[in-house]
Amino acid sequence: MALVTISLDQLVDGKPATPEHARNWCARLESGDILFFPQSPIPFTADDLAFLRGQQQTDSSLHKNIAYKPNIDKLSGLDAKSANPADVERLHAIMRGYSQHVVSFLTGFLAPYRAQWRLDYASFRPLEEQNRDLPLRRRNDLLHTDAFPTRPTHGARILRFFNNVHPTRTRDWVVSDPFAQTVRQFAPAQIAPHPGTTTTRAGKSLARALGLGKAIPSIKRTPYDDFMMRFHNFLKENEQYQSHTARYPWQFPAGSSWMVYTDTVPHAVLAGQYAIEQTFLVEPQALVQPETSPLRILERLAGAPLI
Ligand code: SIN
Ligand code: FE
């Protein structure tokens, strides 16, 4: 588990200098490292930053953050009662531009993936993370690996690209040992992957209602998705894990970017305000070292296919 620092002058026109660099960065990500850009490769205008820093969400239990769904170009999670339409339009334009810039940067930077990802949501996180009052399973100050209750990935990996857009403060994370180790140490028999069991089916209308359109034809959880969801909950609920596992703190400075496979690197955010993020679901066939993927690790443990 390491933080790999990348400065923009290592890039040529925003792209890796050689194909080997790009392959190596994919491999580092897949094995659980965080790629860190002290200076973000994503441009923001001073006006847009000032606007983002002026946003405050009032009801934190309803609005954990504001989501942008790039596939249907929709914004959600806004406080409808108090939002002013001009502000909504402005935020929408900023999120759209952010999402497009991140996609365009990673299409070059992670060239070996050849954009074989499903573009998931982007989010804007305007709330102070310290001392947030959230239900346990939604708390992000507890170490966890990511899994989305409404968006099973069917084996695709969750890659997230973050920007700290606070003017001065760091965004304070803690990470822990990677998935393979954590799963062997902490996954007890009752949450072990069950190859035979299935799954929640909710059909195409739910997929549409969730804004996933045709990207996922039906909401069907594979045994893999079931395990990943239960593992997320299990880690947050497990006091033994929370208090005894290794903790490596990282403070991401104002103006920086970082990216990480959050389905395999246990992480927690302890403090910070104003982050913006784009999530990608990277298809298993795109990975440069698929044997390190959580799908393969779990299939080896289960001795059976899980998708
Ligand atoms: C998380 O994915 O758990 C939250 C990360 C963050 O908002 O910094
Ligand atoms: Fe998370």
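Each ligand, and each atom within it, is numbered from 1 in the order the structure gives. Note: hydrogens, waters and symmetry copies are ignored here, and every other heavy atom, side chains too, is used.
Residues Tyr68 and His92 bring their aromatic ring centres within 6.0 Å.
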Mind listing the N or O contacts between ligand 1 and protein, cut-off under 3.5 Å?
residue, atom, partner, partner atom, Å
ligand 1, 2 (O), Arg160, NH1, 3.3
ligand 1, 2 (O), His267, NE2, 3.2
ligand 1, 3 (O), Asn140, OD1, 3.3
ligand 1, 3 (O), His144, NE2, 3.0
ligand 1, 3 (O), His267, NE2, 3.1
ligand 1, 7 (O), Arg125, NH1, 2.7
ligand 1, 7 (O), Arg171, NH2, 2.8
ligand 1, 8 (O), Arg171, NE, 2.7
ligand 1, 8 (O), Arg171, NH2, 3.4
ligand 1, 8 (O), Trp173, NE1, 2.9

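Ring pair Trp25/Phe109 is parallel by interplanar angle, where below 30° counts as parallel and above 60° as perpendicular. Taking the six-membered ring where tryptophan is involved, the planes of Phe161 and Tyr98 are tilted, since the angle between them lies from 30° to 60°.
Each of Tyr261, Trp250, Phe162 was checked for a side chain to side chain contact (heavy atoms under 4.5 Å, CB included) with Ile34, and the lone residue meeting it is Trp250.
For the Fe ion (ligand 2), the neighbouring protein N/O/S atoms at less than 2.8 Å, given as residue and atom, are His144 NE2, Asp146 OD1, His267 NE2.
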Acceptor/donor pairs from residues 3-13 side chains to any protein atom, 3.5 angstrom cut, sequence neighbours excluded:
residue, atom, partner, partner atom, Å
Ser7, OG, Asp9, OD1, 2.5
Gln10, OE1, Ser7, N, 2.8

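Applying the side chain to side chain contact (heavy atoms under 4.5 Å, CB included) criterion to Glu237, with sequence neighbours excluded, gives Leu136, Arg137, Asn233.
Heavy atoms from other residues, nucleotides or ligands lying under 6.0 Å from CZ of Arg96 number more than 12. Atom CD of Glu239 has 12 or fewer neighbouring heavy atoms from other residues, nucleotides or ligands inside a 6.0 Å radius.
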Take Asp120 and Thr279, measure what side chain to side chain donor-acceptor pair (under 3.5 Å) needs, and give me the verdict at the end. CA-CA 5 Å; Asp120 196 69; Thr279 299; 4.6 Å; no
